[in-house]
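Bear in mind the structure is a predicted one, so any value in this text is a computation, not a measurement. Proteins get letters first, then strands, A, B, ... in listed order; numbering begins at 1 in each. Heavy-atom basis, side chains included; hydrogens, waters and symmetry copies ignored.
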Amino acid sequence: MPKQQMIAMILAGGQGSRLGVLTEYIAKPAVPFGSKYRIIDFALSNCTNSGIETVGVLTQYSPLELNSYIGNGYSWDLDRNLGGLSILPPYQSLEGSDWYKGTANSIYQNITFIDNHNPDYVLVLSGDHIYKQDYRQMLRAHIEAKAAATIAVREVPWEEASRFGIMNTDEEGNILEFEEKPANPKSNLASMGVYIFTWKTLRAHLIADENNPDSRNDFGQNIIPAMLADRETMLAFTFDGYWKDVGTIFSLWEANMDLLDRPQEINLQDAMWRIYSRSTLQPSHYIGENASIIDSILTDGVEVYGNVKHSIISSGAVVEEGAEIKDSILMPGAVVKKGCKIDKCIIGIDTIIGENVEVGVTVKDGRADFVNKKFCSDGITVFGSGLVIADNVKIMANSMFFPVDEGQTSDVILESTVLGII
Amino acid sequence: MPKQQMIAMILAGGQGSRLGVLTEYIAKPAVPFGSKYRIIDFALSNCTNSGIETVGVLTQYSPLELNSYIGNGYSWDLDRNLGGLSILPPYQSLEGSDWYKGTANSIYQNITFIDNHNPDYVLVLSGDHIYKQDYRQMLRAHIEAKAAATIAVREVPWEEASRFGIMNTDEEGNILEFEEKPANPKSNLASMGVYIFTWKTLRAHLIADENNPDSRNDFGQNIIPAMLADRETMLAFTFDGYWKDVGTIFSLWEANMDLLDRPQEINLQDAMWRIYSRSTLQPSHYIGENASIIDSILTDGVEVYGNVKHSIISSGAVVEEGAEIKDSILMPGAVVKKGCKIDKCIIGIDTIIGENVEVGVTVKDGRADFVNKKFCSDGITVFGSGLVIADNVKIMANSMFFPVDEGQTSDVILESTVLGII
Amino acid sequence: MLIDAMGIILADNGRVKLGELNDERALAATPFGGRYRIIDFMLSSMVNSGIKHIGILAETKYSSLMDHLGTGSHWDLDRLQQGLRIIPPYMQSDFFRSPSPQDLNGLYDFLKHSVQMHVVVAESNIISNINFTEFVKEHEASGADVTVMYNHDADTLGSPNVSLTFEDNKLVDLLIDPLNLTSDCSSLGAVVLTRSLLMDMLTQAISRSEVLFNTEFILEKYKELTIRGFENNDMTLRVNSLATYFSASMRLLESNILQKLFKAENRIYTKVKNESPARYLKGNHVSNSLISDGCDILGNVEDSVIFRGVKVGKHSKISNCIIMQDTVIRDGAELKNVIIDKDSVIRSGVRLQGSPDYPVVIRKGVIV
Amino acid sequence: MLIDAMGIILADNGRVKLGELNDERALAATPFGGRYRIIDFMLSSMVNSGIKHIGILAETKYSSLMDHLGTGSHWDLDRLQQGLRIIPPYMQSDFFRSPSPQDLNGLYDFLKHSVQMHVVVAESNIISNINFTEFVKEHEASGADVTVMYNHDADTLGSPNVSLTFEDNKLVDLLIDPLNLTSDCSSLGAVVLTRSLLMDMLTQAISRSEVLFNTEFILEKYKELTIRGFENNDMTLRVNSLATYFSASMRLLESNILQKLFKAENRIYTKVKNESPARYLKGNHVSNSLISDGCDILGNVEDSVIFRGVKVGKHSKISNCIIMQDTVIRDGAELKNVIIDKDSVIRSGVRLQGSPDYPVVIRKGVIV
């Protein structure tokens, strides 16, 4: 196959456990986002739009829905004969069988895959960030600086800097020091988890790292510090566009709301930088006689007969007559029945909310037994996928609804079906 | 996606340990066969030619070369947007992480995958058999008999019957009993490892089997007997074409030789039933001034300057001037240097045999320290992939050459490189 | 069972023109229903029935059709051996056309190089979600030379093009655009016959220098051949005039029709455009309408079908309209019973009004 | 760096015809080298250089070219947005052709709807494995309007079509098929320029009703534009007559040429046919020849190029020949300096002999 200048490896194996019920059966990159997308659409579309044609997706945790969604890569024009998209799960070999131990180990286990494509550079990405970036600009900087590694960084408010991996650089942007969540940050340049490595150099470091029994085999914790210690040329590349890690319920909700409140920042209508997604094969959406919709985004297959305000409605979702939806996210196929009042909710795939259900901060006398402060905050309530919620219940904000285990019963969750995919 | 009448699940996860060094780094279905094929080409081509468009390939052991070879399924016209070819490795979920425990368990772990395609019937195949079969005929018989399972069988010589899984049937072909390697066979109908199941029925049996802690989760040992015990309608479907399990060095060698000696039986030139393979992007093969080639098959990229007799030469292999090759198989990229005498050898991918090397039963005073009766018999010698063999050595027949471990040295194996893929 | 049939879809029909909508595009390429083209329905029906080798016979003005179909990948028809083919020699410039006896040779060659037993020949102007499996199976079982699909038209739209009279389920008469109906069976523009019979018919036509090919070409042979009928009861909308195109579009707003066409197990495929979700902004009011991705809605829309990427400005009023892709309706424009083709601009304050029977049509790419 | 260029490949060249081999196929579709068509080399060179949006400009006789190219998938060019396009309105029947001023409109529209900065325009009759990356990079750096690729022809084949004279590396004269060479630089039929400049040139040509487009069309503007040269030293075979086609084929039997063309890091792609391996059966003797998959060899072959699926019968003698796909050489036939097109049959005992300068050509599909 023709030599590839740069191939991309997308880390998509993590459980995303801070998303609670939303990642119980599906990997975080496959979580629906922004009415017609899945989170990984952003990384994949960035690759395609940057002219990268060989993409490895490293999977491990609950990959079925993700695999099924990605398919052969067709929707992102990555169904190539030469290169294209490959799903890279852990595997067994004569040397034994290992699950991926850390981000660096997952790349280590796929050295042969990368060698076969013989790239000069390898782009390592997370599959769960929302942003639009042309990686070609970063590659140009990497090549010009003859760097061993280039790390995309963005300026964060100084007061938040201690929550991030912070790069301390000289004036040319060379990284002098990397500090993971420093108490007293010396810089406000936070790593975005987007790395370009010169493959030959990374390859050597991965092998050295694997041979170090004390390593946690992680890029941020082990590889980057080791490369700095070896005095490799390490470049910080400043990115100033929109970027969000949707790792928590609140940040997922917030990033969705950003599409409504700050549409110019992650402009989805930009014809020069399309975000591709897998088509749901649904017709245009239908708005009924008495519906009202305001400050919201909707996509194919949706049917709205009720009132929707400042919300994200995904494909095939239905809002029945008289229902009121506000500041909420309906994932694909979610149904909100007549008379509901839904405030700040995330409703999972194919979940049905019974008639006259009320959820939100204004509900004073609601059920408190689903309140879940571990995952939920700021008044957000989350329903898992494939649930059926009873009619007429009132629910306190900050609740999270998990499927009911077999044999158990619940007066609120009438049914929890096995998740259907795509 | 449109409803699929039947989807295929190809079992390609086994180690194929009886093939010794040939499957040390690659899964058995990816082993080269017949000059331009890999073993799995036969199962995949049978699926395509039978009009089956959704194919799951269950991988586990050393899948990199296999994945890389299969790619997105393009070469077999299985790179479909809807359905098409999916690689199905083991994965982790909230319930824990499990490698595939047995053939039945591997299908069990992919129930969701199958459910998503909503087929009426599921075809379960091995990825390591050489045969051409139109599965539509078998499906027709299955539907007409309203069977729960239909098992392809073929008549074997009575004296060999005790080596196979034997089906005892009534006159209509209904299976009354299944015996694994019976000492006193009551029938000579041996299972080919090709099953059609009615999905609803199989699904229930897979779940029951999984809940049985004593089961080995194997189709032959557990699922088929359990279905018989439940008095399901089980049909034996007689197949009378060429079929070979290439599970041992001898049977792999023999199946290759069958292409030369019995070309009409697995006719590769049949335009109505093409065996597809991945193109190697090589030019037509070149035959030099003083070459002689007889009773042999060659493919693209080969260069022959020496003498080849009754052999299989794969793409990109080179036979230098004066070398004599007989009853042998050169895998892709193998090089046999000047003056060699090669008799009944299988030479692995990219392996280089030094000048004047002699191997075979006529070599009386050769090196005996590589003789390996565990794998080799009938005078066959096997060289692994990526080896470099020293000049002028004489080697006894029935030898097998494994790569040399790092740090070790050998006066015969000068070098063993990491296997390059495709 | 896997179906042993290939398909031929006729992109044009000499008797059906949808006015200016077909000035620069084939009938089959006419936009319909918010995100589709007319041909998507027949093409998806074939694919969903397991027909995966399909030739499209386009006469002229193939450019937008080819742009829509691409490699066939959106219908999963981008195949190594079979898949989608535009049949030459119809494949020619939009600018000139010279029918010649060779015209049918392209179709003949396509059939000759195919392997299927049967051919389903279908017009493209039937909006339905059909499964051809039973149709082909019953044709095989009946032993007829040709089987034609028909319905009783009672709850479908538009006058029949081709009225069929059967005796003992054998076609004995066929009237094209009859003034008085003598039969309640009307052709659904789909026939099935063996590939070899169709090739024989073409050979004869070529030797007589005939150049026209459509389903009537086959049905007119009812005296020589045994042609049987197959009744289809699927929900079907016929598009055979601008008025029926308009009313068929409006009937998509009926819930049961929307469900039957689009939310059945078998889906209708179309070219995917990766538009962003539609945005509903302050001041909008939408009622009983189909709206597509990529739209920005700030005005009032009722009883209308709005295609992808349409911008509806503030205080504008759209009622009973079809607004095609990427058109811009500026603030305060008012439209009633209007069809606006792609890429047009309706300026502020403009008022257009047609009647349901005679909708006003605005050409592609104009500024009004 | 990723290359910011699209490609245009000219499937025909008015001055190059390979006799009967081009009776029914475009120059670009001429079989070459055992399993390729001539266009495979330029197409693969572009793909390997990262040019992934390529238009093929075919004039007539496009049918075998389209059959070869299919959806572009064999070159990995079956893409959603870009990929391979046959450019209308050249796309028309094999049977009639009426050049019109609109002919260049199709090319213009294709360029207009593309996004790349540069366009590499290339003739198809250059057999080489070229990397265009440096070519485009140097063009960008030089600031020239157009850059043309040339070589010194010393060790390449055939007389130059277009002889170029440079002063200070600026093109100052261009001679087409000159009788006396005044320069040792000959065009390799590949130029690069910005898309906008090419569109300007086309606009002017269209308004003057010009219909011909090729690389000379661009090079002839050397007085108005700054046209620089880029020397290419790759092994190159030029095909500009039947004699050079024949000798270029024979030069593939030279080991270093075979290695440079086909065994470099960048491969030449072609349509995959899934033939079985070639079989060498009792009685064969083969020497200094290229043999392809699907062949059955029972006779004698020397100094020849044998395409896929050829059957060579017992006691036949083939010497210095090109035998194309699926041809059958019956027992005892003898052939020397002969080119046999596809699907032909040479009967037992037939003897044919040409000379290296005037090889005998047997048309496609005949029985001799």
Side-chain angles (χ1 to χ4, degrees), chain B residues 33-37 41 45 48-49 71-72 74-77 79 81 256 259-260 263 266-271 273-305 308-316 318, chain D residues 32-36 40 44 48 73-76 78 80 252-255 257-259 261-264 266-298 301-311 326:
Chain B
F33 180 83
S35 175
K36 68 176 287 182
Y37 306 99
D41 286 335
S45 300
T48 292
N49 290 333
N72 63 4
Y74 166 75
S75 300
W76 303 268
D77 213 10
D79 57 328
N81 317 336
N256 271 285
L259 297 177
L260 306 175
I266 185 102
N267 181 8
L268 295 173
Q269 297 191 333
D270 181 1
W273 203 269
R274 282 263 173 255
I275 303 302
Y276 301 95
S277 63
R278 183 159 178 147
S279 169
T280 54
L281 306 174
Q282 299 255 17
S284 301
H285 58 269
Y286 176 75
I287 310 298
E289 300 271 356
N290 302 310
S292 97
I293 305 165
I294 197 86
D295 272 346
S296 296
I297 61 177
L298 279 69
T299 191
D300 295 334
V302 165
E303 297 175 39
V304 178
Y305 304 88
V308 174
K309 195 172 166 186
H310 199 258
S311 292
I312 307 277
I313 315 293
S314 305
S315 63
V318 177
Chain D
F32 186 81
R35 56 181 308 223
Y36 303 96
D40 290 340
S44 300
N48 286 330
S73 65
H74 296 287
W75 298 264
D76 212 15
D78 52 331
L80 289 175
L252 293 180
L253 301 174
E254 296 173 22
S255 170
I257 291 183
L258 195 70
Q259 300 292 329
L261 265 184
F262 298 114
K263 305 223 165 177
N266 286 331
R267 294 305 170 101
I268 305 299
Y269 312 108
T270 189
K271 182 174 179 180
V272 174
K273 298 227 170 153
N274 290 291
E275 295 277 0
S276 55
R279 297 195 298 177
Y280 287 76
L281 300 169
K282 287 211 169 34
N284 86 80
H285 184 259
V286 179
S287 161
N288 188 40
S289 295
L290 281 171
I291 314 279
S292 307
D293 275 0
C295 288
D296 277 355
I297 313 286
L298 290 86
V301 179
E302 60 175 31
D303 307 327
S304 294
V305 177
I306 313 292
F307 283 67
R308 293 186 274 206
V310 170
K311 309 300 172 197
D326 292 330

The complete set of salt bridge (Lys or Arg N to Asp or Glu O under 4.0 Å) pairs with one or both residues in residues 280-295 of chain D, sequence neighbours excluded, reads B/Lys36-D/Asp293, B/Asp295-D/Lys282

Please state whether the side chain, the backbone, both or neither of D/Ser73 comes within less than 4.5 Å of a heavy atom of chain B. both

So how far is it from B/Leu268 CG to D/Arg279 CZ, rounded to the nearest 0.5 Å? 8.5 Å

Could you check, using the six-membered ring where one of them is a Trp, whether B/His285 and D/Tyr280 have ring centers closer than 6.0 angstrom? yes

Which atoms of D/Phe307 come close to chain B, meaning under 4.5 Å heavy atom to heavy atom: side chain ones, backbone ones, both, or neither? neither

Go through the structure and list residues passing ring pair (Phe, Tyr, Trp, His ring centres under 6.0 Å) with B/Phe33, not counting sequence neighbours. B/Phe42

Please state whether the side chain, the backbone, both or neither of B/Ile293 comes within less than 4.5 Å of a heavy atom of chain D. both

Testing the basics here: between B/Tyr37 and D/Ser276, what is the closest heavy-atom pair and its distance to 0.1 Å? OH-CA, 3.5 Å

So for B/Glu303, is it side chain, backbone, both, or neither that comes closer than 4.5 Å to the heavy atoms of chain D? side chain

To the closest 0.5 Å, what do you measure between CZ (B/Arg274) and NZ (D/Lys273)? 10.5 Å

Report the option among D/Gly283, D/Ser44, D/Ser287 that has the most heavy-atom pairs separated by less than 4.5 Å from atoms of chain B. D/Ser287

Measuring from atom CD of D/Glu275 to atom OG of B/Ser277, what distance do you get when rounded to the nearest 0.5 angstrom? 11.0 Å

Heavy-atom nearest pair, B/Gln282 first then D/Tyr36, reads O-OH, 3.5 Å

Given that the side chain runs from C-beta out, which part of D/Val272 has a heavy atom under 4.5 Å from chain B: side chain, backbone, both or neither? side chain

Quick check against the 3.5 Å criterion: does D/Lys263 have a side-chain atom that pairs as donor or acceptor with the backbone of B/Pro283? no

Let me know if B/Thr280 has heavy atoms under 4.5 Å from chain D in its side chain, its backbone, both or neither. backbone

At their closest point, which heavy atom of D/Cys295 faces which heavy atom of B/Gln269, and how far apart are they? O-NE2, 4.5 Å

Euclidean distance, D/Asn274 CG relative to B/Asp41 CG, rounded to 0.5 Å: 9.0 Å

Which one wins on heavy-atom pair count under 4.5 Å against chain D: B/Ser45, B/Ala271, B/Ser284, B/Ser314? B/Ser284

Which atoms of D/Glu302 come close to chain B, meaning under 4.5 Å heavy atom to heavy atom: side chain ones, backbone ones, both, or neither? neither

Chain D interface, residue from B/Ser35, B/Ser315, B/Ser296 that has the most non-hydrogen pairs under 4.5 Å: B/Ser296

Heavy-atom pairs under 4.5 Å with chain B, option from D/Gly34, D/Ala278, D/Ser255, D/Ser292 with the top count: D/Ala278

To the nearest 0.5 Å, how far apart are OG in B/Ser279 and CZ in D/Arg35? 5.0 Å

By a 4.5 Å heavy-atom criterion (distance strictly below it), what part of D/Leu261 contacts chain B: side chain, backbone, both, or neither? neither

Ranked by heavy-atom pairs below 4.5 Å to chain D, first place among B/Ile294, B/Leu298, B/Ile275 goes to B/Leu298

Looking at D/Thr270, D/Leu281, D/Leu253, which makes the most heavy-atom pairs under 4.5 Å with chain B? D/Leu253

Say whether D/Ser289 and B/Tyr286, considering side chains only, have a donor N or O and an acceptor N or O under 3.5 Å apart. no

Is the shortest side-chain heavy-atom distance between B/Ile287 and D/Asn288 below 4.5 Å? no

